[in-house]
Amino acid sequence: MSEGRNRRWVLRARPRGEVTPDDLELIDLPVPSPGPGQVLVRNVYLTVDPANRIWMSDMDSYVAPVEVGEPMRGRTWGTVIESHHPGFRPGDVVTGGLAWEEYSVLDEPQAIPMELGLPLEAFTAPLGPTGMTAYWGLLDIGDPRPGETLVVSAAAGATGSVAGQIGKIRGCRVVGVAGGPEKCRFVTEELGFDACVDHRVGNVAEQLREACPDGIDVDFENVGGEVMDAVLGLVNHHARVVLCGMISTYNATGDWWSPRLFRNILFRRVRVQGLIVSDYLPRFGEALPVLANWVRQGRITYRTDVVDGIENAPHALRRIFEGRNIGKQLVRVSPG
Ligand code: NAP
């Protein structure tokens, strides 16, 4: 949060296992000047996400890795402070920045529809990429029907919290999996899930069996590992698995985890489909008014978990992998 300089995180090395302080470097640059057709944005929020860890590695994934020496990739929201773009004026709130930095020069910012009357935080969370992931993953891939049982892992997090609430709106019995009693209270008491299994207590399979007496029809999978194996043990015939993420394995140094109970996908005719939210970019505009209405009506509630200062971005990312965040983990880059 400084005038005259732009602090930016650069990838210095590909992490082996967990991200260490040697893997990223905070560098100081002058605040850039926008050219013709460009805007200068003072970033307010940076999102840190589990996928950041995937982008730091050079595995063959769904997107090009961040190259060593390049700025660390991550979406920002902020305020235009200088504009040479005919469509934007100073004071406009936009997104489009894709680096861990305090200021961004953008060619094609996207205006945030503040006229919807919701705070900027809402556009980073239930109306942002993770909300879109929950919406399209659950409704387009999961196809939940009233009375079915939906299980959502990482239920207190940004994506899971929204997926489960949409499941409730769709009339499902919704069971969350989360780490610790505080998160489980949040999931049942604030988000309105029917039950929550605490994976830190152990024996997830047994706890899930009790919470899902009619088996599992839809799995919104964010975690993989032991949690997903427990779900696969309980899936009903023709269940759907929305494979959204496998965070329990992103820090693996060898091969990623694979399910032990893969056979149940065959025996029970389960449909498993991977989800990459950017495939739905052309349809974000369809989901936005629906999600905004649900937020306004209080049918979707959300929390943001904010760490201050661009210098603390790696710390914010670590919080996600330590399970310390409740709701959307953000970095407040400037007061706005
Ligand atoms: P989040 O849920 O807000 O935060 C991640 C949570 O994962 C942590 O709070 C922690 O919750 C849990 N976790 C972390 N390490 C774990 C481990 N080793 N074992 C079990 N649980 C662990 O993050 P998010 O951004 O919403 O992402 C959730 C998942 O969705 C991730 O897998 C992410 O990659 C995926 N995602 C995918 C897409 C896509 O397009 N495919 C888009 C967005 C997100 P607990 O304390 O409750 O365990």
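Each ligand, and each atom within it, is numbered from 1 in the order the structure gives. Reckoned from all heavy atoms, side chains included, excluding hydrogens, waters and symmetry mates.
- When I247, N222, T47 are ranked by how near their heavy atoms come to atom 7 (O) of ligand 1, first place goes to I247.
- Atom 40 (O) of ligand 1 has V277 N, 2.8 Å as its closest protein atom, hydrogens excluded (heavy atom only).
- Polar contact check, N325 against ligand 1: a nitrogen or oxygen pair lies under 3.5 Å apart.
- At a heavy-atom cutoff of 4.0 Å, ligand 1 is contacted by no atom of Q329, backbone or side chain.
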**Request:** Tell me, with the steps shown, if D23 and R16 meet salt bridge (Lys or Arg N to Asp or Glu O under 4.0 Å).
**Result:** CA-CA 9 Å; D23 299 327; R16 298 217 19 96; over 6 Å; no
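- Considering P50, S278, G327 only, the shortest heavy-atom separation from atom 23 (O) of ligand 1 involves P50.
- With V242, V162, T133, V187 as candidates, the residue nearest to atom 43 (C) of ligand 1 on a non-hydrogen basis is T133.
- Nearest to atom 19 (N) of ligand 1 among the protein's heavy atoms is S248 CB, 3.6 Å.
- Heavy-atom contacts from other residues, nucleotides or ligands closer than 6.0 Å to CD of Q110 number more than 12.
- Between I276 and ligand 1, no pair of N/O atoms sits closer than 3.5 Å.
- Contact annotation for H199 and ligand 1: only side-chain heavy atoms (C-beta onward) come within less than 4.0 Å of the ligand.
- Scanning all protein heavy atoms for the shortest distance to atom 39 (C) of ligand 1 gives L275 O, 3.6 Å.
- Side-chain atoms of T20 and D22 include no donor-acceptor pair closer than 3.5 Å.
- For R200, every heavy-atom contact with ligand 1 shorter than 4.0 Å involves the side chain, none the backbone.
- Contacts of T159 with ligand 1, taken as heavy-atom pairs under 4.0 Å, involve both backbone and side chain.
- In this structure a side-chain-to-backbone donor-acceptor pair under 3.5 Å is missing from N325 to G157.
- Atom 2 (O) of ligand 1 has as its closest protein heavy atom G157 CA, 3.3 Å.
- With a heavy-atom cut-off of 4.0 Å, V223 touches ligand 1 through its side chain alone.
- Heavy atoms of F321 found under 4.0 angstrom from ligand 1 belong exclusively to the backbone.
- I320 O, 3.3 Å is the protein heavy atom nearest to atom 8 (C) of ligand 1.
- Within the 4.0 Å heavy-atom criterion, both parts of C244, backbone and side chain, lie near ligand 1.
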